[in-house]
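All heavy atoms count here, side chains included; hydrogens, waters and symmetry mates do not. Sequence positions, counted from 1, serve as the residue numbers for this chain.
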Amino acid sequence: MSARRRNLVVPARGRIEIAEEELLEVPEGGLLLETLVTGLSTGTELAFVKGDHPGLHSRQDTELGLFRPGVPAQGYPVRRLGYMEVARVAESRTPAFGVGDVLATAYGHATAHVADPLGEHLVPLPAALDPMLGVFVAHFGPICANGLLHAAADAGPVRGLGDGVAGRLVLVTGAGPVGLVTGLFASALGAREVAVADADPRRRAVAERLGFLPLDLDDDPGRVLKTRWRHGPGEHGADVVFQCRGKPGALHTALRAVRPQGTVIDLAFYTEGADAVRLGEEFHHNGLSLRCAQIGRVPRGLAHTWDRARLSAETIRLLGAHAGEFREHLISDVVGFDDAPALMHDVAGRRRHVLTAVFAMHGHV
């Protein structure tokens, strides 16, 4: 294989290009990966293209857990975008992986990568799994599974991933890929009913085809569900809400829709903050809980049993049971790698609507 690779980079705000780069030599214990397909996470990646990613304007003090405004964590050029890669092992210098193994991992939109198995999350994919679906395995699916895990921890001692949703009434706000995959997890794990709210009728249509109750995010889903889902006198609404859209209005909707003393599990990334969230109304008077299910942490006390590898394994199980739905409804666009910059420009400029776009290397479209 060539000692060079092609890598998707953002050299400046509003620009996307494919750059030629040298590949490092494969060290002892390392792997050379040849990319098959790579998936686009529009929220995170396009924030760099549009210039509104928080990392461009502030830096986190990881020791104190505080952000320092005006001190960017990352500037341009952004040379690593994406976390949804599937690759074949082209060279192996460790007996842990063989040449030809197909792995899900997260190294950005590049045609090749030199991987360190001791420091990177590498997930062997079952031979029966379509490699196209593998884009969800390393990072994206675990984001959603971690939301379910937080709901389980909120409900009590965790015996399984479904403990927070089994037999319960679930609302998902936001019918983007995170919301839809979270909804599929909840349904597969035994939720009594799953409603999905989104303002875009195209996304509501996908939610309906996946078997969810579709609701208009702009048409007060809280009132609709508190009429539909009655638990008893003064007890109406969702048992748990998974908030999956990075807009303050969606979080406000989530708080309105959950039953008293219920919990909103927040998986959203608020690139512009959430100044419009109102905490003096439903949040205060209904005694609600709001839990952030950020992928960097599982619930306190569960790290030793619920690591990223286990969340990936749960994702593979979901994909195996619902491969047809994922391929038909979640992956909306498949284009060649050379066409990736144009597609991203169109999505950033709202000239094109996608759920999950996949960039395929030559011969894998």
Asker: Assigning hydrophobic clusters by single linkage (Ile, Leu, Val, Met, Phe, Trp, Tyr; side-chain heavy-atom cutoff under 4.5 Å), is Val172 placed with Leu217?
Answerer: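 Not linked; separate clusters.
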Asker: Please check this pair: side chain of Arg168 against backbone of Val240, looking for a donor-acceptor N/O pair closer than 3.5 Å.
Answerer: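 Answer holds: no.
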Asker: If you measure from CG on Leu36 to OG1 on Thr111, what distance do you get to the nearest 0.5 Å?
Answerer: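 Those atoms lie 11.5 Å apart.
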Asker: Side-chain heavy atoms under 4.5 angstrom apart, residues restricted to Ile, Leu, Val, Met, Phe, Trp, Tyr: same cluster for Ile295 and Leu184?
Answerer: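 Same cluster.
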Asker: More than 12 non-hydrogen atoms from neighbouring residues, nucleotides or ligands closer than 6.0 Å to CZ on Arg209, yes or no?
Answerer: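 Count over threshold, so yes.
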Asker: Does any pair with a residue in residues 75-112 pass ring-ring contact (aromatic ring centres under 6.0 Å, His included), and if so which ones, sequence neighbours excluded?
Answerer: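 Qualifying pairs: Tyr83-His139, Tyr107-His113, His109-Phe359.
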Asker: Going through the checks in order, is the ring-ring contact (aromatic ring centres under 6.0 Å, His included) test met by His322 and Phe185?
Answerer: CA-CA 10 Å; His322 297 277; Phe185 263 121; 9.4 Å; no
Asker: Checking the side chain of His231 only, and the main-chain atoms of Gly237 only, is there a donor and an acceptor separated by less than 3.5 Å?
Answerer: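 Yes, because the side chain of His231 sits within donor-acceptor range (under 3.5 Å) of the backbone of Gly237.
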Asker: Can a donor-acceptor pair be found, under 3.5 Å and without considering hydrogens, that links the side chain of Ser332 to the backbone of Val354?
Answerer: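 Such a contact is absent between Ser332 side chain and Val354 backbone.
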Asker: Quick one: pull up CG in Asp266 and SG in Cys292 and give me the separation to the nearest 0.5 Å.
Answerer: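 Those atoms lie 6.0 Å apart.
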Asker: Looking only at atom types and distance, does a side-chain atom of Asn146 sit under 3.5 Å from a main-chain N or O of Ile143, one as donor and one as acceptor?
Answerer: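 Side chain of Asn146 to backbone of Ile143: no pair is present.
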Asker: Any sub-3.5 Å donor-acceptor pair from His236's side-chain atoms to Lys226's backbone N or O?
Answerer: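 Present.
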Asker: Applying salt bridge (Lys or Arg N to Asp or Glu O under 4.0 Å) as the test, list every pair that has at least one member in residues 348-362; sequence neighbours left out.
Answerer: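 Listed by first then second residue: Asp333-Arg352, Asp346-Arg351.
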Asker: Evaluate side chain to side chain contact (heavy atoms under 4.5 Å, CB included) for Phe269 paired with Thr44, printing each intermediate quantity in order.
Answerer: CA-CA 8 Å; Phe269 181 34; Thr44 301; 4.2 Å; yes
Asker: Side chain to side chain contact (heavy atoms under 4.5 Å, CB included) for Arg245 and Thr253? Distances and angles first, verdict last.
Answerer: CA-CA 11 Å; Arg245 177 161 169 72; Thr253 294; over 6 Å; no
Asker: State plainly whether one hydrophobic cluster holds both Val102 and Leu319, where clusters connect Ile, Leu, Val, Met, Phe, Trp and Tyr through side-chain heavy atoms under 4.5 angstrom apart.
Answerer: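 Yes, because Val102 and Leu319 connect within a single hydrophobic cluster, where side-chain heavy atoms sit under 4.5 Å apart.
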Asker: Are any side-chain N or O atoms of Arg204 and backbone N or O atoms of Asp198, one a donor and one an acceptor, separated by less than 3.5 Å?
Answerer: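 A pair under 3.5 Å: yes.
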Asker: Could you tell me whether the side chain of Glu120 and the main chain of Leu122 form a donor-acceptor pair under 3.5 Å?
Answerer: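 Answer holds: no.
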Asker: Taking transitive links into account, so neighbours of neighbours count too, which hydrophobic residues share a cluster with Leu66 at under 4.5 Å side-chain distance?
Answerer: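 Same cluster as Leu66: Leu64.
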Asker: Report the hydrophobic cluster partners of Val264, with the cluster defined as I, L, V, M, F, W, Y residues connected by side-chain heavy atoms closer than 4.5 angstrom, directly or transitively.
Answerer: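 Joined to Val264, directly or through intermediates: Leu169, Leu171, Leu213, Leu215, Val224, Leu225, Trp229, Val241, Leu251, Leu255, Val258, Tyr270, Val277, Leu279, Phe283, Leu288, Leu290.
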Asker: Using every non-hydrogen atom in the two residues, find where Val114 and Pro27 come nearest and quote the distance to one decimal.
Answerer: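 Result for this residue pair: CG1-CD, 3.8 Å.
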Asker: What pairs with His329 under ring-ring contact (aromatic ring centres under 6.0 Å, His included), at least two apart in sequence or on another chain?
Answerer: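 ring-ring contact (aromatic ring centres under 6.0 Å, His included) check on His329 returns nothing, list empty.
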Asker: Please report the interatomic distance CH2(Trp306) to CG(Leu161), rounded to the nearest 0.5 Å.
Answerer: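 Here the rounded value is 4.5 Å.
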Asker: Give, for atom CG of Leu33 and atom CZ of Arg88, the distance between the pair rounded to the nearest 0.5 Å.
Answerer: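 The CG atom of Leu33 sits 11.5 Å away from the CZ atom of Arg88.
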Asker: Check whether Glu85 reaches the backbone of Gly108 with its side chain - one donor and one acceptor, N or O, closer than 3.5 Å.
Answerer: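 A pair under 3.5 Å: yes.
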Asker: Once salt bridge (Lys or Arg N to Asp or Glu O under 4.0 Å) is applied, do any residues pair with Arg6, and if so which ones, sequence neighbours excluded?
Answerer: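 Residues passing salt bridge (Lys or Arg N to Asp or Glu O under 4.0 Å) with Arg6: Glu20, Asp338.
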Asker: Could you walk me through whether Asp61 and Arg68 pass salt bridge (Lys or Arg N to Asp or Glu O under 4.0 Å), step by step?
Answerer: CA-CA 7 Å; Asp61 182 327; Arg68 297 176 60 196; over 6 Å; no
Asker: Measure from the side-chain N and O atoms of Thr105 to the backbone N and O of His121, and report whether any donor-acceptor pair falls under 3.5 Å.
Answerer: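 Checked: pair present.
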Asker: Taking Thr305's backbone N and O only, do any of them form a donor-acceptor pair with Arg310's side chain (distance below 3.5 Å, no angle check)?
Answerer: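 A pair under 3.5 Å: yes.
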Asker: Can you name the closest pair of heavy atoms from Pro157 and Asp163 and give their distance?
Answerer: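 For Pro157 versus Asp163, the nearest heavy atoms are O-OD2, 3.6 Å.
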